[in-house]
Amino acid sequence: MPKNIVSNNIISFNNVSKTYDDRDVALVGAYCSIPQGAFACIIGPSGGGKSTVLKLIAGITDATSGTLSKPKHIAMVFQDGALMPWLSVLENISFGLHGKGLSMARIRSIAMKYSKMMGLQGLEAKLPRELSGGERGRVGIARALAVNPHVLLLDEPFSALDPKTTDELYKDIIKIWKETGKTIVMVSHSIEEAVALGTMVLVVKERAIKKVFEIDLPYPRHEHILPYMREVRHIKREFFK
Amino acid sequence: MIIRGNARVPKTFFERLYYAVLPLTATLFLFALLSAISLYPFGSVPPLPAPYIAGAFFASFMRLGVAYGIALIVAIPLVMLSRRGHFAETFFLSFFDVVQSVPVLAFFPLVAGIFLQFGYINTAAIFVLFLAMLWNIVFSLITGLKAIPRDISWAAHVFGVKGFAYAYRVLLPAITPSLITGSLLAWAQGWNIIIVAEVLRVYIPYGTGADDLYGIGSVLVDSITAGETGTFAVAILFLVGAIALINFFVWQRLLKYAEKYRFE
């Protein structure tokens with residue numbers, strides 16, 4: 001059923017469908033609204049359409065039909081970092097800043113600011129291959145934040161990281177979200193992760209946005225907090241239905 | 001010496017010299033020396049002076065350099081063109097496959113005939129060298145472009161790096177390793193072909209050694225056909241030594257430099 005598009009929604013899917021090469025259906029009749037400042041987590045099985053939703057928002061691909069409203073300034077953190085191997089940490093962070101009429105000094109100062117924000121001091125001159133998985137993830141986040149986007153997209157940024165690093169990055173992401181007030185849309189394969197971070201959880205399966213859950217719980221959220229576990233169980237029931 | 005995993009990574013200049021080129025150079029040099037010895041006695045004709053042979057090598061080197069430059073200028077737009085959509089890719093890749101499988105020397109009588117008619121003898125050799133080098137560069141570039149992870153292209157798109165900026169800031173660095181490998185193969189192919197490309201008398205009715213181009217290829221062929229074994233021995237030793245030095249001081253360094261540009 002179509003959802004009402006609310007005026008403060010920063011992203012709205014209105015009957016959006018995506019088909020590749022006229023035959024591979026990736027998303028059918030998607031309706032969804034993401035309010036400004038929300039932390040939306042997209043969960044779903046592989047091949048269910050969650051990456052398509054993210055790619056449509058990122059502008060990597062266009063909708064075949066329907067209307068998708070989104071802001072112009074969007075940045076993305078990729079699953080494997082997608083850092084340029086020949087660029088240093090600082091150069092990677094400033095990747096999206098060139099060609100925007102900024103002076104080199106300004107570009108450097110912005111890159112330094114986000115390098116510091118993500119705890120990358122001392123690593124500025126290093127190449128991505130000299131960094132750990134967590135550090136690479138931080139560079140990816142710093143690169144995305146450096147362009148000051150309206151919406152920050154995260155494509156399973158924690159999937160290849162160890163639990164300790166993941167936990168640290170959870171805290172970083174929540175801190176950035178609270179400090180900047182940016183809208184975050186994150187694809188995750190983990191329901192627990194989505195409930196731990198998001199203010200809303202979108203269940204995408206069978207190439208459609210099946211259900212949207214609002215999560216109204218204080219942070220931090222973890223398995224020792226009963227309402228958190230209740231939300232996880234609730235979403236799991238819908239997920240596996 | 002650094003031990004990294006099971007690999008022993010040479011660190012100092014001499015370690016790299018030993019591990020990278022010394023065994024190969026020593027083998028080639030030994031082979032050249034044995035060839036030279038087998039030709040002993042060198043006959044009544046004394047070898048040509050070393051500056052003459054060095055000059056011949058330099059002339060061949062310049063010829064290869066020009067051919068390589070042209071091959072590079074032609075290869076890059078050709079590859080870019082082949083990447084413009086699915087149809088272009090299918091068409092150009094099939095076309096490249098067919099053309100590159102035709103032996104380059106098969107073109108030579110025709111090419112030489114045309115250029116010689118107009119008196120452009122050097123151009124005939126350069127054209128054949130260019131054809132020999134082109135496909136190594138083209139196919140290496142295609143492989144390099146195909147190896148760029150999708151995430152990298154998407155990241156460039158999301159961060160607004162498009163058009164010329166994309167070519168300069170993403171494509172060019174991303175294909176650097178392939179470009180260097182392709183160039184190395186192209187030059188190797190060029191050195192192979194130069195032996196034939198400079199001996200133009202074959203394509204000129206009643207042609208003699210005087211019609212050949214001045215270069216290390218023609219010196220080798222002319223000296224052996226004239227029985228000047230001393231010149232041949234010196235020339236082949238010079239060729240092997242010079243190529244080994246180029247390999248060590250240029251290609252090995254470039255290959256090492258290209259490591260920075262490789263995707264993990």
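Below, all heavy atoms of this structure are taken into account, side chains as well, without hydrogens, waters or symmetry copies. Treat the numbers as computed from the prediction; the structure is a model and nothing was measured. Chain A is the first sequence line, chain B the second, and so forth, proteins listed ahead of strands; every chain is numbered from 1.
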Closest non-hydrogen atom pair between B:H157 and A:G59, with its separation: NE2-O, 2.8 Å

When A:P85, A:P128, A:G96 are compared by non-hydrogen pairs under 4.5 Å with chain B, the top option: A:P85

Around atom CE of B:M62, are there more than 12 heavy atoms of other residues, nucleotides or ligands at under 6.0 Å? no

Is the number of heavy atoms from other residues, nucleotides or ligands within 6.0 Å of CG (A:D22) greater than 12? no

State, to 0.1 Å, how close B:K260 and A:L127 come at their nearest heavy-atom pair, and which atoms those are. CG-CD1, 3.9 Å

Does atom OH of A:Y20 have more than 12 heavy-atom neighbours from other groups under 6.0 Å away? yes

Counting only non-hydrogen atoms closer than 4.5 Å, does A:L153 touch chain B with its backbone (N, CA, C, O), its side chain (CB onward), both, or neither? neither

Who wins among A:Q79, A:M84, A:H73 for the most heavy-atom pairs under 4.5 Å with chain B? A:M84

How long is the straight-line distance from CG of A:D80 back to CZ of B:R150, given to the nearest 0.5 Å? 11.5 Å

Looking at B:F61, I want to see if its CZ is surrounded by more than 12 non-hydrogen atoms of other residues, nucleotides or ligands under 6.0 Å. no

Whether over 12 other heavy atoms sit under 6.0 Å from A:K100 NZ: yes

Correct closest heavy-atom pair for B:E259 and A:R129 would be O-NH2, 3.0 Å

At a 4.5 Å cut-off on heavy atoms, which part of B:P173 comes close to chain A: side chain, backbone, both, or neither? both

A:F95 six-ring face occupied by B:R169 cation (under 6.0 Å, within 45°): yes

Side-chain contact test, heavy atoms from C-beta onward, threshold under 4.5 Å: evaluate it for B:W154 versus A:M76 and give yes or no. no

Does the side-chain contact (heavy atoms from CB on, under 4.5 Å) test come out yes or no for A:F78 and B:V158, once each step is laid out? CA-CA 11 Å; A:F78 291 83; B:V158 168; 4.2 Å; yes

Atom pair CD1/CG of A:I60 and B:D151 - distance to nearest 0.5 Å: 8.0 Å

Identify which part of B:A165 has an atom lying under 4.5 Å from any heavy atom of chain A, answering side chain, backbone, both or neither. neither

Angle between ring planes, A:W86 versus B:Y261, binned at 30° and 60°: parallel, tilted or perpendicular? parallel

Closest approach of B:F159 and A:A75, non-hydrogen atoms and distance? CE2-CB, 4.0 Å

